[in-house]
Amino acid sequence: MADPAILWLRRDLRLHDHPALNAAVEQAGAGGVVPVFVVEPALWKGAGDARRGWLAHTLKDLSDTYDGRLVLRMGDPEKVVPALAREVGASSVHVSRESTPHGRRRDEAVEDALGDVPLVATGTPYAVAPGRVVKNDGTPYAVFTPFSRAWQDHGWPGAANPPKNLRWATADSHKTAQDAVDKAAKGDPLLPVGEAAASERWEDFVDEAIAAYDTDRDRPAVDGTSRMSAYLKLGVIHPRTLLSRISRLRSTGASTLRTELAWREFYADVLYHHPRSAWHDLRPALKGMTYDDPGEHVEAWKEGRTGFPFVDAGMRQLLETGWMHNRVRMVTASFLTKDLHTWWPIGARHFMDHLIDGDIASNNHGWQWVAGTGTDAAPYFRVFNPVTQGEKFDPQGDYVRRWVPELRHLEGKKAHSPWDHEAGYDEGYPERIIDHKEEREEALRRYESARG
């Protein structure tokens, strides 16, 4: 009887267009494929309810797609995967190639622990594997625009064909893993889950909303974004699927969405070449910057109690849903780093704990873009005013009133400045914890001092 192959899933929770699955099917033959997802306790426990729930719902949907054969195991992959390989007599273990620092270290450890059983990496969660697009001299790109041009010139492969003669093999799930997933999946997810739902939402977005994406994507009160980031995070849909679909479109919205996908690929490439930038400043120019220790003001920021409505709306949306509009992400990040003078990893960690689309490359380098330590050449002077940003991108105050019920009695843009209206604090909304003008000047003073 032929030996089975293991498909170890991480950021590729789908059935179709799955090169690693195809490789496993080809290797296993009649032995069948054992699909497994390993719940890593440290990552699981550190995640917020919405983040865990999104993963749990996706895993349950994937199990249905895999005819109920998805195996859930709990523990350190370095121990769990080799143990499963011995248990089923696997001929090989197949994965999608990883590029994050944690993922690369984990896979190297598992490969060593597997011994004679090969760990075979096929495919990538990105249209172009991080590290593939380089300058003519072989060095990586440090600036987005030239990377984007080279990335588009490089191109990407088409979708992988469905596997032929797919056979699933059987193994038992750990009760601890199954119970953890079942418990996390009890609440309702923010979005419909699974591969079919992702494809349907994507097609609806292209048909109905992509033409206005260039403008609507900056309006948090409007459902003007695709929300594909949540599906891309877990590999429920692949970016080449999105890129292939919009390649036939010539609208400004389609071009803008292609650029957003390029940013995702760029940040993954930066992290691949500079793994320390996951939690440390990419550029050393601000190594002399002084930061305040996290205290009550940071807790107020996390809980949406800063007294700045646009900021508080975003932070409350994050805690309740596990998602935040991208424009508001920039404003809330600027508030923490520039108004509260807090080192960006404090905020990046909070976002990663809660965002259902929290991707370490995009999230942490996005934070560095705001903080002035990342790939942007001179962004530190960019200090977002949380009031004018709200008035510009939420002009009627609908977004604020949705997430800050204490301000629902204020009409229109009054919701962005309750301090200017007699009834502004009637419903118990907190007063501002800082003076934005003063803290902006302090942020720039610290910047000049750090430049020395």
Side-chain angles (χ1 to χ4, degrees), residues 11 13-14 16-17 54 58 124-128 144-145 147-160 189-268 314 317 321-331 355-359 361-363 366 369 389 392-396 398-399 402:
R11 294 194 290 165
L13 306 186
R14 62 186 183 277
H16 301 96
D17 188 11
W54 179 246
T58 300
T124 168
Y126 300 94
V128 181
F144 171 71
T145 300
F147 171 87
S148 178
R149 287 195 293 263
W151 173 76
Q152 293 199 56
D153 290 343
H154 180 282
W156 36 83
L190 176 63
L191 300 168
V193 297
E195 190 173 357
S199 296
E200 182 178 358
R201 181 175 178 89
W202 170 241
E203 289 300 325
D204 288 345
F205 173 77
V206 172
D207 291 341
E208 301 170 8
I210 198 169
Y213 176 73
D214 188 48
T215 54
D216 285 356
R217 71 190 181 98
D218 270 327
R219 299 172 60 194
V222 175
D223 189 18
T225 64
S226 69
R227 302 285 185 104
M228 284 296 112
S229 60
Y231 298 108
L232 289 170
K233 160 61 185 171
L234 297 180
V236 176
I237 195 168
H238 199 279
R240 61 175 160 254
T241 300
L242 314 188
L243 289 162
S244 175
R245 181 68 172 85
I246 61 178
S247 67
R248 303 188 292 273
L249 305 179
R250 296 294 178 264
S251 67
T252 303
S255 178
T256 301
L257 184 56
R258 187 179 301 110
T259 298
E260 293 302 305
L261 289 169
W263 273 107
R264 180 177 183 268
E265 304 263 326
F266 175 58
Y267 282 148
Q317 181 185 27
T321 70
W323 192 82
M324 187 195 297
H325 190 277
N326 187 61
R327 169 58 56 175
V328 191
R329 295 187 197 197
M330 292 189 286
V331 175
L355 285 170
I356 63 173
D357 64 355
D359 172 269
S362 294
N363 179 69
W369 180 88
Q389 284 282 308
K392 180 177 180 180
F393 296 108
D394 183 33
Q396 300 305 314
D398 295 331
Y399 176 72
R402 178 179 179 185

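On a predicted model such as this, the values are computed, not experimentally measured, just so you know.
Here the CG atom belonging to Leu234 is positioned 8.5 Å from the CD1 atom belonging to Ile356, to the nearest 0.5 angstrom. In this structure, Ile237 CD1 and Met228 CE are separated by 5.5 Å, a value rounded to the nearest 0.5 Å. In this structure, CE on Met330 lies 12.0 Å from CE on Met324, to the nearest 0.5 angstrom. Atom OG of residue Ser226 and atom CH2 of residue Trp202 lie 6.0 Å apart, to the nearest 0.5 angstrom. The OG1 atom of Thr321 lies 9.0 Å from the CG atom of Leu191; values are rounded to the nearest 0.5 Å.
Residues passing the side-chain contact (heavy atoms from CB on, under 4.5 Å) test with Arg219 are Asp216, Val222, sequence neighbours excluded. For Tyr213, the ring pair (Phe, Tyr, Trp, His ring centres under 6.0 Å) criterion is met by Phe205, not counting sequence neighbours. A search for side-chain contact (heavy atoms from CB on, under 4.5 Å) contacts involving Asp398 returns Ala221, Asp394, Gln396, Arg401, not counting sequence neighbours. Looking at residues two or more places apart in sequence or on another chain, you find a salt bridge (charged side-chain N to carboxylate O under 4.0 Å, His left out) between Asp218 and Arg327. Legend: residues meeting ring pair (Phe, Tyr, Trp, His ring centres under 6.0 Å) with Phe393, ordered by chain and number and at least two apart, are absent. With sequence neighbours left out, the side chain to side chain donor-acceptor pair (under 3.5 Å) criterion links Tyr267 to no other residue. Remark: Glu200 engages no residue in a salt bridge (charged side-chain N to carboxylate O under 4.0 Å, His left out) (not counting sequence neighbours). Considering only residues two or more places apart in sequence or on other chains, Arg201 meets the salt bridge (charged side-chain N to carboxylate O under 4.0 Å, His left out) condition with Asp223.
Contact detail for Asp359 and Ser362: the closest heavy-atom pair is OD1-N, 3.0 Å. Summarising the geometry of Tyr126 relative to Arg11, their closest heavy-atom pair is OH-NH1, 3.2 Å, with the distance given to 0.1 Å. The shortest heavy-atom contact between Ser251 and Ala211 is OG-CA, 4.5 Å. The shortest heavy-atom contact between Trp54 and Ala230 is NE1-O, 3.1 Å. Ala127 and Leu243 get closest at one heavy-atom pair: CB-CD1, 3.6 Å.
Put simply, the side chain of Arg250 gets close to the backbone of Ser247: a donor and an acceptor are under 3.5 Å apart. Proximity of a side-chain donor or acceptor of Ser199 to a complementary backbone N or O of Ala196 within less than 3.5 Å is not detected.
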Tell me which donor-acceptor pairs under 3.5 Å the side chains of residues 253-260 have, and how far apart each pair is, sequence neighbours excluded?
from	atom 1	to	atom 2	distance (Å)
Thr256	OG1	Asp214	OD1	2.9
Thr256	OG1	Thr252	O	2.9
Arg258	NH2	Ile246	O	3.1
Thr259	OG1	Ser255	O	3.1
Glu260	OE2	Arg217	NH1	3.4

Check residues 148-157 and write down every donor-acceptor pair under 3.5 Å in which the side-chain atom is one partner and the other belongs to a residue at least two apart or another chain.
from	atom 1	to	atom 2	distance (Å)
Trp151	NE1	Glu265	OE1	3.1

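Side-chain contact check for Gln317 and His325: no donor-acceptor pair (N or O, by modelled atom type) lies under 3.5 Å.
Using a 4.5 Å heavy-atom cutoff, the side chains of Val193 and Val236 are not in contact.
Aromatic ring orientation, Phe266 versus Phe144: perpendicular (interplanar angle above 60°, classes split at 30° and 60°).
Sorted by first and then second residue, the side-chain hydrogen bond (donor to acceptor under 3.5 Å, both in side chains) pairs involving residues 228-241 (not counting sequence neighbours) are Asp17-Arg240, Ser229-Asp357, His238-Arg240.
In Arg227, the CZ atom is crowded: over 12 heavy atoms of neighbouring residues, nucleotides or ligands sit closer than 6.0 Å.
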